[in-house]
Structure formats: C-alpha cells, structure tokens
Amino acid sequence: MASLRCFLRSGKNAASAALRREFHRTQPAAVQVTVRDALNQAMDEELERDERVFLLGEEVAQYDGAYKISRGLWKKYGDKRIIDTPITEMGFAGIAVGAAMAGLRPICEFMTFNFSMQAIDQVINSAAKTYYMSAGFQSVPIVFRGPNGASAGVAAQHSQCFAAWYGHCPGLKVVSPWSAEDAKGLLKSAIRDDNPVVFLENELMYGVAFDMSEESQSKDFLIPIGKAKVERPGNHITVVSHSRMVTLCLDAAAVLAKEGIECEVINMRSIRPLDTDTIETSIMKTNHLITVEGGWPQFGVGAEVLARIMEGPAFNFLDAPAVRVTGVDIPMPYAKILEDNSIPQIKDIIFSIKKTLNV
Amino acid sequence: MRKMLTIISNVLRGSASRNGARVVVSARTYADFTPQATFDIKKCDVHKLEEGPPLQATLTREEGLQYYRTMQTIRRMELKADQLYKQKIIRGFCHLYDGQEACAVGIEGGINLSDHLITAYRAHGYTLTRGGTVREIMAELTGRRGGIAKGKGGSMHMYTKHFYGGNGIVGAQVPLGAGVALACKYQGNNELCVCLYGDGAANQGQIFETYNMASLWKLPCIFICENNKYGMGTSVERASASTDYYKRGDFIPGLRVDGMDVLCVREATKFAADHCRSGKGPILMELQTYRYHGHSMSDPGVSYRTREEIQEVRSKSDPISLLKDRMLSNNMASVEELKEIDVEVRKEIEDGAQFSTTDPEPPLDDLCNHIFYNNPPLEVRGTNPWTKLKSVS
C-alpha cells in the first residue's frame, strides 16, 4: 500500500515538476505542503497543545488572515483564541506584550513588518529588554510574526526588510524561515520559546510548495532556533542566505554546477542568534564566502556575517575577500522593470560568485 | 462595656506608671481610641455614569494607622532618595513621588494584592505598596546586588509580583496594562489591572488605541490618570486641548477624584473595581494630585511654578497631614503614637539607606545574564572580538 502511494506520489510529482517552477525534492515518502499551510499547521497544533496560546492581529479571525495564513483557525478556536484587532499596531502589540507578561503566550501578527514600525517601541523596549531589566523576574513569551521584505509591486512603504533592525537588539530572537519545513518547525519552536521571537516570513514564499518529510509531519516536530542548515553541500564557495533568497541561491548553484562550480548553500534560518559556527566550518572547506539577502546593504545581515568572519578563525581560510549581494540601496520602486532590478537576481548571484572565485 | 473598659484601663494605667511607658500605650489602645469613624469625602465628578462613589468613607483605626505608616514610609523614602541623589550615590533618572502618596496607598486600599498594577517611571511608591521592601527599593536606586532588580533596572525598572514596573517610555505602559487585563479576562480569575499614567502621557495616541480595544473587548482595566498638573515643565493648560482627563476616555465612564485624600482615592478605586469585576469593561479615574519635587532630580521644579504654589499645597492639602488631622480629631490615634510610627519609619529608611550604600554592586559575571528565560547558556560578544562573555538564564 505504501509503495503504491509512493508510486502515485512520484508519478504526480514528475508530471507537475515541469509546471511547478520552484520545486525542491528532499527525500522520498514526503508530502507536498505550501509554506502557508505549514504555518497554519504550526499554529493549529500549538493552539491545540497549549490553552495559553492565542493569535491576535488585523483580519486574522473572520477574514481568515490577510494572506490566509490563519485560515480556519477562528472557526475552530473561536473569538477567545483568535482575535481581530482594530488597525492600531502600537496598541495591540502593547496589549499582546502585556498579556505575555501576565501568563499568556500570544502570537501577534503584523500584516506586514512594515507596520511593525508603528509598534517597534513595544517590541524592543517592552518585550525584548524586560527580562534583563527585571534581572530575570519578568519573562515575555511572545511571537511577533508576519511577512517581511519585498513582495511584488507593493512599492517603497510596503517592501522593507527588517531582519537587520530586529537582529540588532539583544533580548530578541529573530528567525527567518525559507522552506515549509523551516516555517513549521521554527514557528512551533518560536511559540514554545519563553522569550520574544520575531518571526520574519515572506509573502512570495507563502504559495510555494515543498516536500515535508514524515518526521516534519509530527505534532512535536521542532527546529531549534539558532542553527543554520546546509541546503546544498559544495566545495568551492560558501553562499549564505536567508528567506526567499535561498531559492535564488540554489537556482544559481544549479546553473553553476553545470560549469563545474559546486556551491555550498547555507540557509541561515536564524538571524539572531546567528549560527557563525556552521558558516565558519563551511568556509574552512570552501575558502570563499558570499552572502545573499534581499535587504539593504548598509548595516545589514550580510555586513554582520562578514564582520564575524573577519573577527574569527575562518578569516585565515579565505582566499578572497568575502562580499555581500544585497538589495539595491534605494527605496523600492513600483514599475516592474525597476523593482526587478532592485533586488538580487540569479544572474547577480552567479556574477558575484564568479568574481569571488576569480573565474 | 465602655465604662468597664475605662475603669480597667485606669487601673492598668496606674500600674503601668510603675512598669514603664509601653504598657500605657497598649492600655490606651483598647479603651481610649475610636475603633472606626465615618468621614465625608469630596464628591467625584462623573462622566457617563449614573452615580459615583459614596460620599462617605469608613476608616478603621487599623486601616488609618496602616495608611499613615505606608504614606509616611513613601514620603521619607523619597526624601532620602533626594539626599542620596544629591550625594551622587543615586545616578541617572530619579522621579520622586512625595506629595502623591495618597494615590498609591488609596489605590492599594481599593484592590487586592492578587490584582495587577502597572505604572510609568514615578514608581517607587507603587513598588512599595505592591510588596517591595524599602531595602530592596533603595538598593535598586543605588545599583546594588540587593536591589529588587539586582541593580540592573534602576529607578524606572522595578518589578514585583503582579506589578509590571516601572516603565520608561511615556504611555507604553497603558497598552501593556490592558494586555494584563486581557490575560485576567482570558484566564477567568476575576482579577483586574490598574493602569496608571500621568497628565503628560494622557495625550499619547497609544492610550486612545488602548481605550478603544479595552472598551470593545470589555477588559477589566482601571485606567488612572495621576494629574499632578505638570508634564515635566509643561502645565496641563499648555499641553492638552481638554484638561478634563476623566472625560478623555470618551465612551469609557470616568471619575474625577481628589487625589490628596487617601479615603477619596480608596472609595473611588473600590467603586471602579466593582465596575470592572461586574464585567462592564474598563473605567477611567483622574486623580487630582501634586508632586512637591520637580519632574525628576534634574528639575528644580520652580521654573514653571511658584514656590508659593508648592507651599500652599503643602500647608493645605498634604495627604499625610490630612489623614493625621482626621485621625487625631476623631481620637483614632494619639500624637505620641503617630510620632512613634514616624520614628519607626525613620529607622526603617535609615536602615534601607545604610543597606543601599553598603551592599556591594552586582558582580561582573552578572553582566550578560538574564537575556533569555529558560534558555541554555549562551555566549555574548564583549566589547572586542576576543572577549566572549557568558550568559545564563
């Protein structure tokens, strides 16, 4: 029976592989799940597991979520656990933090992280710093989640990447999943974590389906926060990335493989704590590094990775300066041709890899 | 019964003069003092309410002595903090509460310790009424390891059970308090949250956002505006288009309360607490009060108000004097008894000051601790790449 299921699945997969442009096979006997559904599953399972968990944000309940991430949850859990808020980020983020201080475990959704700027004082000063200021008396078990970074045609005010901003602050954990498995395992870990976690999703990834291993379908499947994953092993260059850019890195790696260049693509998964060890181990093997991100270059995630490598043992293993591939240092324009040229494309990654390798 | 007690006490007093003064006082306790009295209190202005708190308050002798002691403790502690600040033993920000004691003590008199409270940075008085000790409050001000936040928080970041600080960002504590109230409602524990802010903070947008949500969701939240007439150096008339802070909640019922009278504050708080606990949702109280000190220790407090004004409040409306006069004129306590309490309080403050100046500073290994709760130990970068510091939960 299992083998028949496998056959049917692989047959179906083979047929739709040509149609699906972003298709990633991990291992057989897996199930195809979109990032959206993985996030939904994670929240559903955690809501069921712990009564103290609840979700609040704009349109999360009766609208099923602006991006349908919380589809079906209000119907299942009701008004008490899934709360629609007015459009008042500073207020509802503060309310979420206060609820976390008083014993609940809120998931606070920002419709996009651009709107979190309205509430950023509550995230940093009320959530992140409190455990330290109270010398361990008052913890804040809260998750702030929502789509982050560039989308498609939403222009400057709706396209900013906040990984560097939140990654800057002690007291926060900052997580940036890429695949469906990342999304599920990291969101579950974030909800179970007793500390404030900023969970940076990506709107363009919501609809992308990934293989989910059997293991990842378990209700207790967790991915630890703070560990990166080597998505593709290689010997010639280390390519460090997070969120949607991982897809582009893998695509670039596939192109370069045909030319005999084997890239080791690392999916950071975690912005803070940043897994320097995995990156250093890789550099000690490949001797070359580039970082790839969607955000702006100045004081960004790539800048931090490079600085750490400079300061650590892996520096001596570099055969060339490490470089960053980033979004262009401008507010995001609207016109498609301009927008397309404001964020790294596969050709930019290939170009930077070849320059670094001097080929 | 009273006559018999008087006779007995006279006998005891007679014998006491041979045995010492202490017995005299305890003999007087049973016979000579009024066990309780009822006082007229100022009528509260109301907003969107059919009726307000009662116009009379009953005070028992025990309550009176306890309120007196607590208010006096807050007063003396704040004055000692003033001294220590001028000696540069307390650094940074220090916002003193003297003059406003009736607010903290009255509020606590109207709620239970199992309820919740959050305030802004003028928080030393509340840290005490919520269960902190003088020692640990003062040691926190001087940044010592025995401080209530182990020296890591300072004046504005003191926490204790069901007391969420101590918050430095003006107005941010109000949504937090509504969140605590949401947790109370969610958990169905019949507790409420008192959410304090000042006249300066009252114009903050996030407060209006909070009014909206607290009202929509009927959160058990008592919003309290401590109107001490000045937001730092700006008088209320220069900051607010409407200075009727008790009405600013619009659709939220409000009370304007005499914040210098501990009984008025207590009765209003009880009234507000009943309102919340009956599921009617939030309510707003404006306490009209006054601070003797400037906004903080770096503000002399006389550039935007006259010394005459401060003196007038001190002589006519001091909350401790008001209570003292009431108790004395109704024979609820003796002058000596209150003096004795003063002496005890002074001693407690001296002890606290002594502790706070001799307790050692926190150890350097504590520097990076308390970043995350319930987390395996992690490494924190020091000031340079070679310095790797350890952080435990």
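Throughout, a chain's letter reflects where its sequence line sits, starting with A, and its residues are numbered from 1.
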> Output the distance between atom NE2 (H162(B)) and atom CE (M101(A)), rounded to the nearest 0.5 Å.
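Between atom NE2 of H162(B) and atom CE of M101(A) there are 14.0 Å.
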> Pick whichever of I148(B), I169(B), T210(B) has the most heavy-atom pairs under 4.5 Å with chain A.
I169(B)
> Quick one, L56(A) with L182(B), criterion side chain to side chain contact (heavy atoms under 4.5 Å, CB included). Give me CA distance, side-chain angles, the key distance, then yes/no.
CA-CA 12 Å; L56(A) 86 167; L182(B) 187 141; 5.6 Å; no
> Classify the ring geometry of Y131(A) against Y373(B): parallel below 30°, tilted from 30° to 60°, perpendicular beyond 60°.
tilted
> Can you confirm whether more than 12 heavy atoms, excluding those of L113(B), are under 6.0 Å from its CG atom?
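Check passes, neighbour count above 12.
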> If you count every heavy atom of other residues, nucleotides or ligands that lies below 6.0 Å from M284(A) atom CE, does the total exceed 12?
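Yes.
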> Which atoms of F372(B) come close to chain A, meaning under 4.5 Å heavy atom to heavy atom: side chain ones, backbone ones, both, or neither?
both
> By a 4.5 Å heavy-atom criterion (distance strictly below it), what part of E311(A) contacts chain B: side chain, backbone, both, or neither?
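For E311(A), heavy atoms of backbone and side chain both lie under 4.5 Å from chain B.
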> How long is the gap from CE on M90(A) to CD on Q204(B), to the nearest 0.5 Å?
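If I round to the nearest 0.5 Å, the distance is 6.0 Å.
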> Is atom CZ of F251(B) surrounded by more than 12 heavy atoms (other residues, nucleotides or ligands) closer than 6.0 Å?
yes
> Look at atom NZ of K219(A) and say whether more than 12 heavy atoms of other residues, nucleotides or ligands are closer to it than 6.0 Å.
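No.
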> Compare every heavy atom of W217(B) with every heavy atom of D84(A), then report the nearest pair and how far apart it is.
O-CZ2, 3.5 Å
> What part of W386(B) gets closer than 4.5 Å to chain A, counting heavy atoms only: side chain, backbone, both or neither?
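Nothing of W386(B), per the 4.5 Å heavy-atom cut-off to chain A.
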> CG/N375(B) to CG/D193(A) distance, rounded to the nearest 0.5 angstrom?
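With rounding to 0.5 Å, CG (N375(B)) is 6.0 Å from CG (D193(A)).
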> More than 12 foreign heavy atoms under 6.0 Å from CZ of R277(B): is that the case here?
yes
> What part of Q118(A) is in contact with chain B, defined as an atom under 4.5 angstrom from a non-hydrogen atom: side chain, backbone, both or neither?
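The answer is neither part of Q118(A).
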> Heavy atoms only, distances under 4.5 angstrom: which of N369(B), N212(B), D366(B) has the most pairs with chain A? Name it, please.
N369(B)
> Which heavy atom of G91(A) sits nearest to which heavy atom of E209(B), and what is that distance?
N-OE1, 2.6 Å
> Pick from L378(B), I207(B), T160(B): which one has the most heavy-atom pairs with chain A under 4.5 Å?
T160(B)
> Which one, K129(A), R308(A), R81(A), leads in non-hydrogen pairs under 4.5 Å with chain B?
R81(A)
> Quick check on R52(A) against chain B: is it the side chain, the backbone, both or neither that has a heavy atom closer than 4.5 Å?
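Only the backbone of R52(A) comes within 4.5 Å of chain B.
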> Which pair of heavy atoms, one from V53(A) and one from Y186(B), lies closest together, and at what distance?
O-OH, 3.4 Å
> Identify which of K80(A), Q138(A), E51(A) forms the greatest number of heavy-atom pairs closer than 4.5 Å to chain B.
K80(A)
> Should F137(A) and Y159(B) be marked as a ring-ring contact (aromatic ring centres under 6.0 Å, His included) after you check the CA-CA gap, both sets of side-chain angles, and the distance that decides it?
CA-CA 7 Å; F137(A) 184 83; Y159(B) 300 80; 7.1 Å; no
> Tell me, side chain or backbone of N125(A) under 4.5 Å from chain B's heavy atoms, or both, or neither?
side chain
> Of the non-hydrogen atoms in L176(B) and G94(A), which two are nearest, and what is the gap between them?
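Heavy atoms only, the tightest pair is CD2-O, 3.3 Å.
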> Is it true that, when you exclude F208(B) itself, more than 12 heavy atoms of the residues, nucleotides or ligands shown sit nearer than 6.0 Å to its CZ?
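Result for CZ/F208(B): enclosed.
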> Can you check whether L216(B) reaches P86(A) side chain to side chain, under 4.5 Å on heavy atoms?
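Yes. Closest side-chain heavy atoms under 4.5 Å.
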> Specify the closest pair of heavy atoms between K152(B) and A135(A), including all atoms of both residues, with the distance to one decimal.
CD-CB, 4.0 Å
> Identify the two heavy atoms, one from A178(B) and one from I95(A), that lie closest to each other, and give their separation to 0.1 Å.
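Here A178(B) and I95(A) meet closest at CB-CG1, 3.9 Å.
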> Check each atom of K173(A) against the heavy atoms of chain B and say whether the ones under 4.5 Å are side chain, backbone, both or neither.
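Contact with chain B: backbone and side chain both.
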> Examine whether an atom of L172(A) lies under 4.5 Å from a heavy atom of chain B, and if so say whether it belongs to the side chain, the backbone or both; otherwise answer neither.
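Looking at L172(A), just its backbone touches chain B.
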> Examine whether an atom of Q187(B) lies under 4.5 Å from a heavy atom of chain A, and if so say whether it belongs to the side chain, the backbone or both; otherwise answer neither.
side chain
> Does M232(B) have more than 12 heavy atoms from other residues, nucleotides or ligands lying within 6.0 Å of its CE?
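Open.
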> Does any backbone or side-chain atom of N167(B) lie under 4.5 Å from a heavy atom of chain A? Answer side chain, backbone, both or neither.
neither
